[in-house]
Amino acid sequence: MGEVTESGLPRAVAIAWGTHAQPQSGPRRGMSHEKIVAKAIEIADEQGLSGVTMQRLAESLGFTTMSLYRYVANKDELFMLMVGSETILPEAPAGHDDWKAGLREWAGSLREMYAAHPWLLDIRRGPTSVLMPASVALVDQGLQVLAPLELDDRDRISIILIVSSYVSSFAALERDLAGQEDLEFGPQAMAELGSVITPERLPFAAPLILSGGYVGGPPGEDHEAGVGYEYELGLDLLIEGLSARKRT
């Protein structure tokens with residue numbers, strides 16, 4: 001959990017919500033948690049999370065690394081503050097009378113957030129991260145969407161967890177696929193695969209793979225890039241599954 005305040009709250013949570021006082025002494029008083037976090041997010045957006053080091057951050061702000069540690073205890077605390085910053089939040093979904101449309105738009109806003117800040121996928125989530133302002137704001141938006149449904153608290157928060165986990169997993173896949181070229185196999189390569197991936201060995205997978213419907217395929221065939229279709233299909237299944245459960 002990291003350092004805690006006298007009240008028992010994780011220090012990162014108290015800092016993010018403004019209940020933990022800023023240092024009042026030191027060589028430079030122009031520094032603040034807000035400036036530190038904003039600069040760290042800027043670096044992460046440009047260079048990824050690995051580019052965020054305490055030394056680089058301090059230098060970019062014009063301070064020494066030691067003075068930076070007066071504000072953030074360590075890199076883990078800094079990462080929590082980055083996750084908790086409301087500056088990373090996408091535009092809130094519009095209000096909907098139809099909870100299905102609202103849930104779809106809320107999921108889309110999460111996907112948009114990960115696309116804008118892919119480093120979020122590299123920070124470990126847990127009891128502290130879910131108490132940070134940005135996380136709580138996203139949960140609040142999701143609960144608003146689910147308000148028309150008669151659900152108990154456990155089911156509501158479970159749906160929030162399920163949908164947000166679904167979106168983050170696809171966001172991670174999309175990030176991994178970004179920049180990778182689609183495979184295209186000519187007749188010789190397809191024949192080579194066909195010699196080892198046979199219907200006798202893999203009766204269900206072989207026909208799909210050898211037709212180009214799995215990955216790769218004959219050059220010139222029209223394949224939809226990315227996993228947008230799969231994302232929408234999965235989201236449909238989640239939403240319609242929830243709808244069917246509510247009817248029973």
Original post:
What pairs with W119 under ring-ring contact (aromatic ring centres under 6.0 Å, His included), at least two apart in sequence or on another chain?
Top reply: H117
**OP:** To the nearest 0.5 angstrom, please state how far the CZ atom of R154 sits from the CG atom of D152.
**Re:** 8.5 Å
**OP:** Any chance you could measure I160, atom CD1, to W106, atom CH2, to the nearest 0.5 Å?
**Re:** 4.0 Å
Original post:
Counting distance only, does the side-chain N/O of H33 pair as donor-acceptor with the main-chain N or O of A16 below 3.5 Å?
Top reply: no
**OP:** Say whether E59 and Q55, considering side chains only, have a donor N or O and an acceptor N or O under 3.5 Å apart.
**Re:** yes
**OP:** Would you check if the side chain of S164 reaches a backbone N or O of L161 as a donor-acceptor pair within less than 3.5 Å?
**Re:** yes
Original post:
Does any N or O in the side chain of R201 come within less than 3.5 Å of the main-chain N or O of V196, such that one atom is a donor and the other an acceptor?
Top reply: yes
Original post:
Do V130 and R125 pass the side-chain contact (heavy atoms from CB on, under 4.5 Å) test, and can you show the C-alpha distance, the side-chain angles, and the key distance before you say yes or no?
Top reply: CA-CA 7 Å; V130 298; R125 292 171 290 181; 5.8 Å; no
**OP:** State the CG-CZ distance between D98 and R104, to the nearest 0.5 angstrom.
**Re:** 10.0 Å
Original post:
Does CD belonging to Q47 count more than 12 external heavy atoms closer than 6.0 Å?
Top reply: yes
Original post:
Can you name the ring-ring contact (aromatic ring centres under 6.0 Å, His included) partners of Y166, sequence neighbours left out?
Top reply: F170, Y231
Original post:
Would the number of heavy atoms belonging to other residues, nucleotides or ligands and lying under 6.0 Å from CD of E105 be above 12?
Top reply: yes
Original post:
So how far is it from L68 CG to R56 CZ, rounded to the nearest 0.5 Å?
Top reply: 13.5 Å
Original post:
How long is the span from the CG atom in L242 to the CD1 atom in I159, to the nearest 0.5 Å?
Top reply: 4.5 Å
Subject >> Atom pair NZ/CG of K35 and L57 - distance to nearest 0.5 Å >> reply: 13.0 Å
Subject >> Backbone of P90 reached by a side-chain donor or acceptor of S109 within 3.5 Å >> reply: no
Original post:
Would L149 end up clustered with V163 when hydrophobic side chains under 4.5 Å apart are linked, directly or stepwise?
Top reply: yes
Original post:
With sequence neighbours left out, what residues match S195 under side chain to side chain contact (heavy atoms under 4.5 Å, CB included)?
Top reply: none
Original post:
Is there a path of hydrophobic side-chain contacts, each under 4.5 Å between heavy atoms of I, L, V, M, F, W or Y residues, that connects V37 with Y69?
Top reply: yes
Subject >> Cluster link L143 to I162, ILVMFWY, side chain under 4.5 Å >> reply: yes
